[in-house]
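Following: one structure in structure tokens, then a few remarks.
The shown structure was predicted, so the numbers you read here are calculated from the model rather than taken from an experiment. In the text below, chain A, chain B and the rest are named by the order of the sequence lines, each starting its count at 1.
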There are 2 protein chains.
Amino acid sequence: MPDDTWKPPRILLTVDLVILTLRGGRLHLLLVRRGVEPFAGRAALPGGFLADERENILSAARRELREEAGLTDIPHLEQLGTYGDPDRDPRGRVVSVAHLAIVPRLPEPIAGTDAAAAEWTPVDDVLAARVPLAFDHLRIVVDGVERARSKLEHTGLATAFCPEVFTLTELQQVYEAVWGTPLDPRNFYRKVQGTKGFVVPAGPPRATGTGRPARVYRAGPCRNLYPPMIRTVPTVAAGGDER
Amino acid sequence: MPDDTWKPPRILLTVDLVILTLRGGRLHLLLVRRGVEPFAGRAALPGGFLADERENILSAARRELREEAGLTDIPHLEQLGTYGDPDRDPRGRVVSVAHLAIVPRLPEPIAGTDAAAAEWTPVDDVLAARVPLAFDHLRIVVDGVERARSKLEHTGLATAFCPEVFTLTELQQVYEAVWGTPLDPRNFYRKVQGTKGFVVPAGPPRATGTGRPARVYRAGPCRNLYPPMIRTVPTVAAGGDER
DNA sequence: TAGCTTTTTGTCGAGTCGACAAAAAGCTGT
DNA sequence: ACAGCTTTTTGTCGACTCGACAAAAAGCTA
């Protein structure tokens with residue numbers, strides 16, 4: 001029970017970003033190499049402190065996306081969760097609001113990046129702990145990837161990985177990469193077509209080099225898929241809900 | 001671009017609680033009446049500042065649950081989201097980590113409560129703005145209720161509303177109250193039985209007063225339901241993902 | 001024009017869902 | 001004791017969906 005002189009503690013707030021994309025059929029994550037202590041030299045999520053007393057949290061996430069990754073048009077950005085273990089940062093009480101961002105396949109690593117050492121890393125390498133991360137960032141990545149996997153089931157999130165106009169085969173590759181399961185193209189085709197509002201036709205078929213030219217689509221209006229896409233791999237028995 | 005003298009801003013961190021329960025077949029929410037400015041006299045979510053520099057966020061949520069609501073055994077407590085609009089609190093920059101708690105039907109309003117004016121309020125009254133809330137708490141309630149509705153579909157969350165041992169009819173009433181849709185008892189029965197690990201038998205049938213005595217169950221081991229429960233009301237077209 | 005690839009349209013059996021019927025099992029009055 | 005009421009539990013039926021697979025369509029290459 002606080003006495004009359006008690007003042008609430010003041011803490012430092014950061015935003016961290018789990019930025020996912022598809023490269024060569026595999027799910028990748030953007031990591032930066034830390035230049036300063038703590039964890040200097042270690043890979044970490046892009047992110048940083050609130051710029052000033054009045055900066056919005058979502059705006060801060062967008063700013064870091066721009067400054068640290070050179071990304072300005074983000075198809076999907078959502079809050080992931082807040083991580084505030086008192087010992088997560090040796091500098092003091094730093095609470096981080098983690099965000100999940102999805103971007104389509106980009107031309108090359110990163111454009112004019114502030115943190116010069118930003119690079120796309122296969123998510124598998126991070127999850128298998130072959131690439132050690134700073135702070136509690138591994139935990140954040142695990143949660144972010146699981147969020148993406150889950151949202152692919154009942155939202156149109158998969159389209160955020162695709163360019164504005166895409167083929168159903170490209171969309172299927174998103175599911176296969178994020179879920180790590182192969183899907184039957186014929187059933188996938190039928191399923192997506194049958195899910196009203198998931199995708200809408202966009203122009204005439206496009207030749208992809210070899211094989212029959214595919215019809216192209218763009219993201220449909222529906223945010224929530226009904227019926228949902230089905231991930232046969234039974235939702236990885238994840239354990240606790242508490243953080 | 002911060003210069004060398006730049007220091008990250010320090011902010012105040014609170015936890016707020018959306019505590020849901022079932023009372024008389026309707027979904028209720030615990031609200032306290034604020035005794036001090038700002039918003040003195042207005043209803044608000046239970047919550048408060050971090051107690052000290054080293055308090056865990058989840059621990060703070062549990063502490064507020066105990067202090068403000070007299071609740072100590074919480075079947076479900078999860079982080080909901082973080083709300084940090086710079087103008088949400090006139091006292092300054094206050095960022096709140098909202099949590100969602102589910103408790104079973106309790107004997108009476110609240111036991112030895114710190115905030116004496118805590119009371120259960122029908123969620124409908126809050127959502128319909130018949131009960132105005134302080135700060136951005138309406139928004140938090142909307143998000144919390146939507147989270148609960150959604151999680152009922154593909155997790156065993158419904159059992160958190162029930163006592164340790166319950167009948168399938170009681171479980172059905174949870175779905176009906178939270179979703180606001182009537183369900184067919186026969187199909188519900190078949191569905192729950194067919195969802196492995198959702199519930200497990202617990203002892204002999206129990207007479208409920210009138211009608212055939214019902215078998216009793218307790219919550220099963222599965223956290224993720226497969227196949228999921230189906231909410232025909234097509235997932236209320238909620239709109240944006242961004243906060 | 002034959003051969004190859006990829007996309008698109010079907011087919012079939014197993015399983016699930018929603019709407020409904022009917023049996024089972026207790027309690028309440030008379 | 002038993003008819004009448006309630007609620008739970010077990011079925012039934014047609015429509016629909018899913019996964020596995022076949023086959024046609026439509027381009028490119030040689």
Side-chain angles (χ1 to χ4, degrees), chain A residues 25 152-154 162 165-176 179 181-218 222 224-235, chain B residues 25 152-154 158 162 165-176 179-218 222 224-235:
Chain A
L152 244 48
E153 295 186 55
H154 47 269
C162 296
V165 156
F166 52 86
T167 71
L168 293 196
T169 302
E170 289 171 333
L171 190 66
Q172 178 182 342
Q173 286 162 356
V174 172
Y175 278 90
E176 293 182 329
W179 283 352
T181 357
L183 299 175
D184 183 300
R186 302 163 292 192
N187 293 338
F188 183 83
Y189 196 93
R190 172 162 47 86
K191 190 66 197 298
V192 173
Q193 297 284 22
T195 304
K196 295 298 172 205
F198 189 4
V199 298
V200 296
R206 182 185 71 193
T208 58
T210 174
R212 173 174 177 173
R215 295 184 192 152
V216 294
Y217 299 84
R218 64 183 86 236
C222 273
N224 296 309
L225 303 185
Y226 189 80
M229 304 299 285
I230 291 171
R231 163 163 61 154
T232 312
V233 196
T235 324
Chain B
L152 244 48
E153 295 186 54
H154 47 268
C162 297
V165 156
F166 52 87
T167 70
L168 293 197
T169 301
E170 289 170 334
L171 190 66
Q172 178 182 341
Q173 285 161 356
V174 172
Y175 278 91
E176 293 182 330
W179 284 351
T181 358
L183 298 175
D184 183 299
R186 301 164 292 193
N187 293 336
F188 184 83
Y189 196 93
R190 172 161 48 85
K191 190 67 197 299
V192 173
Q193 297 284 22
T195 304
K196 296 298 172 208
F198 189 5
V199 297
V200 295
R206 183 186 70 191
T208 58
T210 173
R212 174 174 177 173
R215 295 183 193 152
V216 295
Y217 299 85
R218 64 184 85 235
C222 272
N224 296 308
L225 304 184
Y226 189 80
M229 304 300 284
I230 291 172
R231 163 164 60 154
T232 312
V233 196
T235 324

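- Near DNA chain C, meaning a heavy atom under 4.0 Å away, the residues from residues 167-176 of chain A are Thr169(A).
- For dA23(D), the paired base is dT8(C) (Watson-Crick or G-U wobble, both distances below 3.5 Å).
- By the 4.0 Å N-to-carboxylate-O rule, Arg206(A) lies close enough to Glu170(A) to be salt-bridged with it.
- Applying the salt bridge (Lys or Arg N to Asp or Glu O under 4.0 Å) criterion to Arg212(A), with sequence neighbours excluded, gives no partner residue.
- Here the two rings, on Phe188(A) and Tyr175(A), have centers that are under 6.0 Å apart.
- Straight-line distance from the CZ atom of Arg206(A) to the P atom of dT8(C): 11 Å, rounded to whole Å.
- Under 4.0 angstrom from either OP1 or OP2 of dT8(D) there lies no side-chain N or O belonging to Tyr189(B).
- Checked against salt bridge (Lys or Arg N to Asp or Glu O under 4.0 Å), Arg190(A) has no partners two or more places apart in sequence or in another chain.
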Does the pair Val200(B) and Arg218(B) meet the rule for a side chain to side chain contact (heavy atoms under 4.5 Å, CB included), with working shown? CA-CA 6 Å; Val200(B) 295; Arg218(B) 64 184 85 235; 3.7 Å; yes

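- Between Arg215(A) and the phosphate of dG27(D), there is no side-chain N or O to OP1/OP2 separation shorter than 4.0 Å.
- Applying the ring pair (Phe, Tyr, Trp, His ring centres under 6.0 Å) test to Tyr189(A) and every residue at least two apart in sequence or in another chain returns nothing.
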Nucleotides 17-30 of chain C: protein proximity per nucleotide (B base, S sugar-phosphate only, - neither; heavy atom, under 4.0 Å): BBBBB--BBSS---

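- Under the salt bridge (Lys or Arg N to Asp or Glu O under 4.0 Å) criterion, Glu176(B) pairs with no residue at all, not counting sequence neighbours.
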Stepwise side chain to side chain contact (heavy atoms under 4.5 Å, CB included) check, Trp179(B) with Leu152(B): CA-CA 9 Å; Trp179(B) 284 351; Leu152(B) 244 48; 3.7 Å; yes

